[in-house]
Amino acid sequence: MTLTFEERLTRLADTELNIERIKGIEKAFGSDNKKPLAIPGRALVGEGVLIKECRKKPKPRYFFLFNDVLVYATIVINKKKYINQHVIPLKDVQIKSINDSENPKLKNGWLIMSPKKTFCVYATTSKEKFEWMSHISNCIEKLSNNERKGFDQIKNIDIAPKWIPDKEADTCMRCEQVKFTMVNRRHHCRNCGYVICGDCSKNKFLIQSQSDEPLRVCNECYKILTSDRKIKSDNNFTSTDSSDESDAENDQFNPNSNDVNF
Ligand SMILES: [Zn+2]
Ligand SMILES: [Zn+2]
């Protein structure tokens with residue numbers, strides 16, 4: 001019998017098997033299980049290893065897709081344990097396919113974009129990629145449908161930038177002068193994701209979608225962010241149409257400027 005995705009979800013939620021499996025996952029996290037995973041109505045939709053692009057290099061991570069959150073962790077193989085638990089609420093997630101030509105080494109990838117974090121993941125096969133992406137978007141759609149019943153308004157979600165991996169920048173991406181060494185360390189701008197030097201990132205700015213603490217931003221972004229705030233407080237609106245060239249650079253991280261295609 002073939003079940004639709006929706007039927008499978010309804011079946012899985014609260015069934016003995018699903019609860020058992022979620023409890024098993026919690027156990028494998030041990031003291032690293034920061035948030036309770038077994039909550040009423042939550043179902044495990046799928047799980048598996050994906051290659052996640054990290055700051056230094058792509059690494060295998062174990063992903064669990066629940067109907068309302070995406071969880072990923074580092075696998076400690078010998079101990080059959082998971083550590084470094086990350087929980088991303090799906091209601092704020094957007095995904096976007098990555099063309100295989102964009103990365104010569106890794107194929108079958110897509111972007112996972114959320115207010116706190118944006119990163120690339122890669123599946124082993126195109127079939128696997130398709131299944132992950134369609135299941136994730138089905139879960140998101142189901143959540144937003146539920147929300148739309150109560151609130152008939154379009155949500156504008158602030159998405160965190162994807163961090164440019166360290167190895168992609170030998171010199172500062174802003175001043176293009178400073179070469180990175182043991183002394184001249186790499187930093188990341190939390191607004192544009194660029195790899196930048198210390199001099200080009202002397203300021204911090206409160207990006208509420210990412211943290212309660214002010215975060216390191218590059219000088220370019222600081223200028224834009226502080227003038228944005230000024231416009232907001234002066235006129236009570238934000239201008240999104242700016243001819244500033246720094247904005248053009250930010251465009252690639254702005255989900256509103258790209259069509260999300262599944
Ligand atoms: Zn610099
Ligand atoms: Zn920046």
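Just so you know, ligand 1 is whichever comes first in the structure, and atom 1 is the first atom listed for that ligand. Residues take their numbers from the sequence shown, with the count starting at 1.
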Given the Zn ion (ligand 2) as the apex, I'd like the angle to SG of Cys221 and SG of Cys218, rounded to 10 degrees. 100°
The SG(Cys189)-the Zn ion (ligand 2)-SG(Cys192) angle, to 10°, is 100°
Does NZ or CZ of Lys52 lie under 6.0 Å from the centre of the six-membered ring of Phe119, at an angle within 45° of the ring axis? yes
Here the vertex angle at the Zn ion (ligand 1) for SG of Cys175 and SG of Cys197, given to 10°, is 120°
Could you tell me the angle subtended at the Zn ion (ligand 1) by SG of Cys172 and SG of Cys200, rounded to 10°? 110°
With under 30° as parallel and over 60° as perpendicular, where do the rings of Phe64 and Tyr82 fit, or are they tilted in between? perpendicular
Going by the angle between their ring planes, with limits at 30° and 60°, are Trp132 and Phe63 parallel, tilted or perpendicular? perpendicular
Is Lys179 salt-bridged to Asp170, cutoff N-O under 4.0 Å? no
